[in-house]
Number of protein chains: 2
Amino acid sequence: MPKNKQDLLQGTLDLLILRILLSGARHGYDIAKRIQMVSDNVIQVGQGSLYPSLHRLERRGYIKAKWDISETGRRAKFYLLTPEGKTKASVEKNRWLEFTSAVNLILKNG
Amino acid sequence: MPKNKQDLLQGTLDLLILRILLSGARHGYDIAKRIQMVSDNVIQVGQGSLYPSLHRLERRGYIKAKWDISETGRRAKFYLLTPEGKTKASVEKNRWLEFTSAVNLILKNG
DNA sequence: CGGCATACCTCGAATGTCGACATATTATAT
DNA sequence: ATATAATATGTCGACATTCGAGGTATGCCG
């Protein structure tokens, strides 16, 4: 059970990043801000979670990085999904839905 | 991201146990079987996760144990919720719902 | 008697999250 | 001019949790 409000990613951060990248390439800082915005500030990804997750996904071949210039004119590492990453985004979404349905069953019929 | 099918409790095991115990006292082995049954075999709790979780919850004052005789006539440790445990079961359910709603927003509008 | 289900438990490996820290550039405010 | 905030990347060690594997013991059924 997570202790504080932030400690609730619970292994879903990689999934969140993959889903965010489905709509196009983004750099790390932007991904974190988008997660926060789309989730209505419920989910806040710290940098100590974000960058390890990105490197993990890259190491496993689900995303690829290339340096470019951000909207604000700075250098930034843009990540995009590989074909394997697109598949993974779909598979993990289904796993998430199956798992949360199962948990919800227990919440109701515990 | 969880590697294998079992590796998906992701910090929700304590919540599941608290919710199961809302319907009355149960012993560990029984809790695990009930989680598996109610979740339609999607969630399977290994003993290496189950017992540490129970001891954790007891140490934190959310459940209390007493030895008794199980349905099959054997000695077993029955756990029941403390008042704090009941509160916790409710609070953590709300946290879970808020969190999964946020994740689902990202899955849809990523 | 042997195997399976019941019922408890511990241990170490692996993984992931977190806050804190470090670095550099640019924009804005004083 | 100078400080400070936002942008942007990254590492590090502490901490918690999950997992499989292993251990113990009892009782039932064939």
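Note that the structure is predicted; figures quoted are calculated from it, not measured. Residue numbers start from 1 in every chain, and the chains themselves are labelled A, B, ... in the order their sequence lines are given, proteins ahead of strands.
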| message | Applying a 4.0 Å non-hydrogen cut-off, can you work out what S70(A) is touching in the nucleic acid: base, sugar-phosphate, or nothing? | response | sugar-phosphate
Side-chain N,O ([X]) to OP1/OP2 ([N]) below 4.0 Å:
X	N	answer
H55(B)	dT10(C)	yes
Y51(B)	dC8(C)	yes
R56(B)	dT17(D)	yes

Could you state the atom-to-atom distance from [atom1] of [X] to [atom2] of [N] in whole Å?
X	N	atom1	atom2	answer
R75(A)	dT9(D)	CZ	C1'	7 Å
L54(B)	dT17(D)	CG	C1'	14 Å
Q47(A)	dT7(D)	CD	P	11 Å
R60(B)	dA16(D)	CZ	P	8 Å
H27(A)	dA6(D)	NE2	P	16 Å
F78(A)	dT7(D)	CZ	P	14 Å
L9(A)	dT17(C)	CG	P	6 Å
L15(B)	dT17(D)	CG	C1'	15 Å

Please pick, from [options], the nucleotide with the shortest atom-to-atom distance to any side-chain atom of [X].
X	options	value
K33(A)	dT6(C), dT7(D), dT10(C)	dT7(D)
D14(B)	dT17(D), dT9(D), dA7(C)	dT17(D)
K77(A)	dT10(C), dT17(C), dG10(D)	dG10(D)

| note | Heavy-atom closest pair (Y79(A) atom, A65(A) atom, distance to 0.1 Å) is CE2-CB, 3.5 Å
| message | So if I apply the side-chain contact (heavy atoms from CB on, under 4.5 Å) rule between I35(B) and each of L9(B), I20(B), V42(B), which one comes out positive? | response | I20(B)
| note | Comparing nearest nucleotides in DNA chain C, the 5'-proximal residue of the pair S53(A), W67(B) is W67(B)
| field | B/S/- contact track for nucleotides 25-30 of chain D, protein heavy atom under 4.0 Å | value | -BB---
| said: Less than 4.5 Å apart, side chain to side chain, heavy atoms only: is that true for R75(B) and H27(B)? | reply: no
| Heavy atoms, side chains only, cut-off 4.5 Å: are S70(A) and D30(A) in contact? | no
| field | T12(A) versus Q10(A), side-chain donor and acceptor atoms under 3.5 Å | value | no
| field | 5′-ward residue of the pair E71(A)/G48(A) relative to DNA chain D | value | E71(A)
| message | Determine whether I31(A) and L16(A) satisfy the following criterion, side chain to side chain contact (heavy atoms under 4.5 Å, CB included), listing intermediate values before the conclusion. | response | CA-CA 9 Å; I31(A) 292 170; L16(A) 295 182; over 6 Å; no
| query | Less than 4.0 Å between a side-chain N and a carboxylate O, is that true for R95(A) and E92(A)? | reply | yes
